[in-house]
Amino acid sequence: FFFGFFGLSRKMSGFTATTTLSLPGPREVISGERCAEILTDMAASMASANSPSHEGVSRLSLGDKSYTADGCSAMCSGLLEKCVNVKYLDLADVIAGRMEDEGLIVLSTFASSAAKSLTGLTGLDLSDNAMGLKGISSCMPLFKAFLPTLKELRMCNDGLSHQSMGEVADMLTEGDGAQLSCLHFFNNMSGDLGCSHFKRIIDAQKEEGLMKDLRFSGTRAGSEGSVHIAEALKGKNDVFGKSVEKLDLADNTFSGAGGEVLAEAFEGGFGKNLTELNLRDCTLGDDNAARIFKALGEKLTMLDVSGNELTEEGCEALGEVVKRNAGLEVLMADENDEMGSEGALLVLEGLKGGGGSKLKKLGMANCEIKGKGARAVVAIAPSLPALEQVGLDGNMFCAAWVEKLGDALGDKLVEMEDNISDEEDDDDEEE
């Protein structure tokens, strides 16, 4: 069993530790019989002098296991209901392979058990469970019991349709609503209407400076839905625009009006203190992307702007934001197929100008870069001391430049499988 101690804090009586308890081993089916074996082993482990009691567990991870109905019931009575002081509960991926009826029983049993036993849950992970409206209803006791205390919610890869998102929004906005510091929705199928329900959840956030980590990505949202997302963020600029540290809006369509509203949000100060920003596959285009880049602050450690139709114009603004973020560790700008060598040079100049001292990962694959860009990568590589990985595949490098890149970067260079071999199409006049 994994017992971890994190977040050591001083109290009047001395030091206390936050304890995480996770079930051991790989993914498996937890039947009643298997649960009994686990609980027996756990009891022996917890009897040792250095192990915490059930009451000392504050983070409980029961996820990444597939529970039968009797296995879930046994786990609740034998463990969950004894860990009364748990603040963060991980129930991700607990019904994989179960038939619908049994899966709903498992979700309902976990939810009811936690609702009646735990004293003040603040964090909940329900990711990787095929929810649907019935699944959301099965989890309702959790939301009803802990809405006033809930601060972190993760519901990723749950197959949430717009109807399911509506149910979630109804629960999270009831009364004063859940005031959240972390909210993750990823890889669902909520579409444009689901985005309007996401906006309702964001509109209900009233506690100033609380939200730190916000993810709404991979939602199959089109242009209409992305307007809802952007308007939600713009409307909360004064509430958490300057407190949010991580923002993931990847794979939403921010071309057109949505991109303009999003740019307005950033220009109004939203995200000024971001450390991580993921705008991958948002089709922003040069104008709106440049407006966002110019508005960003100087605390970024991760920036992903892949798939945004950036040309030389957008890359100029990207180079500037890279230059003023000396702590940048990850920069991804793949699949901007109009970037070309000139755009790549502008980005690389930003790294050379100060933004590359801590860079570990760089991606500019599938960007129509030719020999001139390759020469710049080779030249700058020695000045990037922390560099661990460079992705440049799918560009227009001739065989000679592929070889030179390999020589300069060694095993840091991601395998180059898809590049042109015609040296006559190269743009490097010094070659």
Regarding [X] and [Y], does a basic nitrogen lie under 4.0 Å from an acidic carboxylate oxygen?
{"X": "Lys206", "Y": "Asp176", "result": "no"}
{"X": "Glu245", "Y": "Lys299", "result": "no"}
{"X": "Lys234", "Y": "Glu264", "result": "yes"}
{"X": "Glu388", "Y": "Lys412", "result": "no"}

Do [X] side-chain atoms and [Y] backbone N/O form a donor-acceptor pair below 3.5 Å?
{"X": "Asn308", "Y": "Arg280", "value": "no"}
{"X": "Asp128", "Y": "Asp93", "value": "no"}
{"X": "Asn129", "Y": "Leu91", "value": "yes"}
{"X": "Asn273", "Y": "Ser243", "value": "no"}
{"X": "Asp248", "Y": "Phe216", "value": "no"}
{"X": "Asn85", "Y": "Gly56", "value": "no"}
{"X": "Ser161", "Y": "Ser190", "value": "no"}
{"X": "Asn252", "Y": "Ser226", "value": "no"}
{"X": "Thr109", "Y": "Cys72", "value": "no"}
{"X": "Thr253", "Y": "Ala221", "value": "yes"}

To the nearest 0.5 Å, tell me how far [X] [atom1] sits from [Y] [atom2].
{"X": "Met155", "Y": "Asn187", "atom1": "CE", "atom2": "CG", "result": "13.5 Å"}
{"X": "Asp41", "Y": "Ser45", "atom1": "CG", "atom2": "OG", "result": "8.5 Å"}
{"X": "Asn278", "Y": "Arg215", "atom1": "CG", "atom2": "CZ", "result": "7.5 Å"}
{"X": "Ser306", "Y": "Leu331", "atom1": "OG", "atom2": "CG", "result": "8.5 Å"}
{"X": "Met211", "Y": "Lys246", "atom1": "CE", "atom2": "NZ", "result": "13.5 Å"}
{"X": "Thr219", "Y": "Asp192", "atom1": "OG1", "atom2": "CG", "result": "8.5 Å"}

Please determine whether the number of non-hydrogen atoms from other residues, nucleotides or ligands lying under 6.0 Å from atom [atom1] of [X] exceeds 12.
{"X": "Lys87", "atom1": "NZ", "result": "yes"}
{"X": "Lys242", "atom1": "NZ", "result": "yes"}
{"X": "Gln163", "atom1": "CD", "result": "yes"}

Verdict with reasoning, Phe146 to Leu124, per side-chain contact (heavy atoms from CB on, under 4.5 Å) | CA-CA 10 Å; Phe146 301 113; Leu124 178 63; over 6 Å; no
Test side chain to side chain donor-acceptor pair (under 3.5 Å) applied to Ser66 and Arg98, step by step | CA-CA 7 Å; Ser66 181; Arg98 301 296 96 201; 3.1 Å; yes
Non-hydrogen side-chain atoms of [X] and [Y] separated by less than 4.5 Å:
{"X": "Leu300", "Y": "Thr275", "value": "no"}
{"X": "Leu249", "Y": "Leu214", "value": "no"}
{"X": "Leu62", "Y": "Leu23", "value": "yes"}
{"X": "Val94", "Y": "Leu107", "value": "yes"}

Side chain to side chain donor-acceptor pair (under 3.5 Å) between Asn188 and Asp158, intermediate numbers included = CA-CA 6 Å; Asn188 291 302; Asp158 282 334; 5.7 Å; no
Would you check, one step at a time, whether the test side-chain contact (heavy atoms from CB on, under 4.5 Å) holds for Val330 with Asp304?
-> CA-CA 8 Å; Val330 177; Asp304 192 338; over 6 Å; no
May I have the step-by-step check of side chain to side chain donor-acceptor pair (under 3.5 Å) for Ser113 and Glu81, ending in yes or no?
-> CA-CA 7 Å; Ser113 177; Glu81 291 172 11; 2.8 Å; yes
Pair Ser127, Arg154: side-chain N/O donor-acceptor within cut-off below 3.5 Å =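 There is no such pair between these side chains.
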May I have the step-by-step check of side-chain contact (heavy atoms from CB on, under 4.5 Å) for Ile292 and Phe270, ending in yes or no?
-> CA-CA 10 Å; Ile292 292 171; Phe270 190 92; over 6 Å; no
Asp393 and Asn419: CA distance, side-chain angles, deciding distance, side chain to side chain donor-acceptor pair (under 3.5 Å) verdict = CA-CA 7 Å; Asp393 196 30; Asn419 290 276; 3.1 Å; yes
Start with the C-alpha gap between Glu276 and Leu247, add the side-chain angles, then the distance that decides, and say whether side-chain contact (heavy atoms from CB on, under 4.5 Å) holds.
-> CA-CA 6 Å; Glu276 298 182 14; Leu247 179 64; over 6 Å; no
Does any pair with a residue in residues 62-77 pass salt bridge (charged side-chain N to carboxylate O under 4.0 Å, His left out), and if so which ones, sequence neighbours excluded?
->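 The answer is Arg27-Asp64, Glu28-Lys65.
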